[in-house]
Trainee: 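Here it is: the structure, laid out below.
Quick caveat: nothing in here was measured; it's all calculated off a predicted structure. All values below were derived from every heavy atom in this structure, side-chain atoms included, with hydrogens, water molecules and symmetry-related copies excluded.
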Amino acid sequence: MSPPPLLQPLMLLLPLLNVEPAGATLIRIPLHRVQPGRRTLNLLRGWREPAELPKLGAPSPGDKTIFVPLSNYRDVQYFGEIGLGTPPQNFTVAFDTGSSNLWVPSRRCHFFSVPCSSSSFQANGTKFAIQYGTGRVDGILSEDKLTIGGIKGASVIFGEALWEPSLVFAFAHFDGILGLGFPILSVEGVRPPMDVLVEQGLLDKPVFSFYLNRDPEEPDGGELVLGGSDPAHYIPPLTFVPVTVPAYWQIHMERVKVGPGLTLCAQGCAAILDTGTSLITGPTEEIRALHAAIGGIPLLAGEYIILCSEIPKLPAVSFLLGGVWFNLTAHDYVIQTTRNGVRLCLSGFQALDVPPPTGPFWILGDVFLGTYVAVFDRGDMKSSARVGLARARTRGADLGWGETAQAQFPG
């Protein structure tokens, strides 16, 4: 495999907090941003056929909402920390709604390794392999205690990656991946971490939300909220769209419009909300038409460059979801970066053809999710899974960022 291209789609991760969750109290953690380097990552995963969604058990008493800080790498990698073991050892992971397993690099029999220094480690030994779109990991399963955002004591089965042969992982700014997809995607039938937290009574609701800070002047990368959402992150109301296939977070998209003259997804189409993909992807022919409308100039590896001087003149790209138009301006969908003193403007759209029966579909990655906060609600025995979307607040707008806002839980 060749090294990753200039700016390809990708990841989100979480950091932890040593505070015990209690009642409805919101736990806030300051966020930080990793300074840009030359390394980028694309983890367009291999898509599999979904199956029936297992239902979660009844929630535990009390509302528990946990905030997990996110770091941002050049607006294409968001990540944070978790802890594994007793005492916990920190790992930087990508939080990925497009997969369902937790894995970290194996440090077997090295000083400070999870197996060799954790008093709560339990060997499993089952082999696992996860194939992503541009990378693969192999290793064995193990069990230990998870610490995440202040939640402690959850016994999770995780992957110890013994072999990461793809160069894509060598270019990553994180250690592993924590999947937030549905159980059907999980390799070897391992219960996803979110399910474990709810089942063990450590998290009240199977709900989480992402706020991605895309302001390059800010030092932090955003926030992951476990157990609900924070209105300080978005401008109400939330528009809820039902999940149509409970594997990836797949929903129905009614249409896509590029300015007044071009309509894509004209008959309706499937869309995936994926924190593990940095860009917005769609079928090749439609992405080609979109770039013709916005003046995209093709580069290698399916990327397109935009003339920076044209950004103020470019049309909006709008997505019709749940009967509501979600608009992206050129400032939202053009990724601006500087390389060796030269300003580059790259399109936030890329072609990706996912064959039937799983595809075709669009992927609304971090370019979309940086503009619109997403609340991922797994549902329960009484309600089905859904995703809530609302315009992300900018710092200093409406609610002050330092104000305490009451957590919201989908009813």
Trainee: Do Glu254 side-chain atoms and Gly322 backbone N/O form a donor-acceptor pair below 3.5 Å?
Mentor: yes
Trainee: Tell me if a side-chain donor or acceptor on Asp274 pairs with a main-chain N or O of Gly98 at a distance below 3.5 Å.
Mentor: yes
Trainee: Any disulfide bond (SG atoms under 2.5 Å apart) pairs touching residues 232-274, not counting sequence neighbours?
Mentor: Cys265-Cys269
Trainee: Are the side chain of Thr263 and the backbone N or O of Arg255 linked by a donor-acceptor pair below 3.5 Å?
Mentor: no
Trainee: Could you verify whether a donor N or O on one side chain and an acceptor N or O on the other, from Ser142 and Glu160, lie under 3.5 Å apart?
Mentor: yes
Trainee: Quick check: Phe319 with Phe326 (ring centres under 6.0 Å apart)?
Mentor: no
Trainee: Tell me whether the guanidinium CZ or amine NZ of Arg393 lies under 6.0 angstrom from the six-membered ring centre of Tyr234 and within 45° of its axis.
Mentor: no
Trainee: Judged by atom type as modelled, is there a donor-acceptor pair below 3.5 Å linking the side chain of Asp138 to the main-chain atoms of Ala129?
Mentor: no
Trainee: Run the ring-ring contact (aromatic ring centres under 6.0 Å, His included) test against Tyr333 and tell me which residues pass, sequence neighbours left out.
Mentor: Phe349
Trainee: Nearest 0.5 angstrom please: Asp195 CG to Leu203 CG, how far?
Mentor: 10.5 Å
Trainee: Within this structure, what is the OG-NZ distance for the pair Ser155 and Lys145, rounded to the nearest 0.5 Å?
Mentor: 2.5 Å
Trainee: What residues, two or more places apart in sequence or in another chain, satisfy side-chain hydrogen bond (donor to acceptor under 3.5 Å, both in side chains) together with Thr371?
Mentor: none
Trainee: Once you measure the plane-to-plane angle for Phe376 and Phe210, does it fall in the parallel (<30°), tilted (30-60°) or perpendicular (>60°) bin?
Mentor: perpendicular
Trainee: Ignoring hydrogens and geometry beyond distance, is a side-chain donor-acceptor pair present between Thr86 and Ser120 at under 3.5 Å?
Mentor: yes
Trainee: Any donor and acceptor pair, going by atom type alone, linking the side chain of Arg386 with main-chain N or O of Pro242 inside 3.5 Å?
Mentor: no
Trainee: With sequence neighbours left out, which residue pairs that include part of residues 350-363 fulfil the salt bridge (Lys or Arg N to Asp or Glu O under 4.0 Å) condition?
Mentor: none
Trainee: First locate atom CG of Leu226, then atom CG of Leu224, and finally report the distance between them rounded to the nearest 0.5 Å.
Mentor: 4.5 Å
Trainee: Are Leu346 and Ile306 close enough that some pair of their side-chain heavy atoms sits under 4.5 Å apart?
Mentor: no
Trainee: Quick one: list whatever passes side-chain hydrogen bond (donor to acceptor under 3.5 Å, both in side chains) with Glu286, sequence neighbours left out.
Mentor: Trp362
Trainee: Measuring from Asp377:CG to Ser209:OG, what's the distance to the nearest 0.5 Å?
Mentor: 11.0 Å
Trainee: Is it true that a side-chain atom of Thr275 and a backbone atom of Thr97 form a donor plus acceptor pair closer than 3.5 Å?
Mentor: yes
Trainee: Can you tell me how far CG of Leu279 sits from CG of Leu352, rounded to the nearest 0.5 angstrom?
Mentor: 10.5 Å
Trainee: Suppose the criterion is salt bridge (Lys or Arg N to Asp or Glu O under 4.0 Å): which pairs have a residue in residues 241-252, not counting sequence neighbours?
Mentor: none
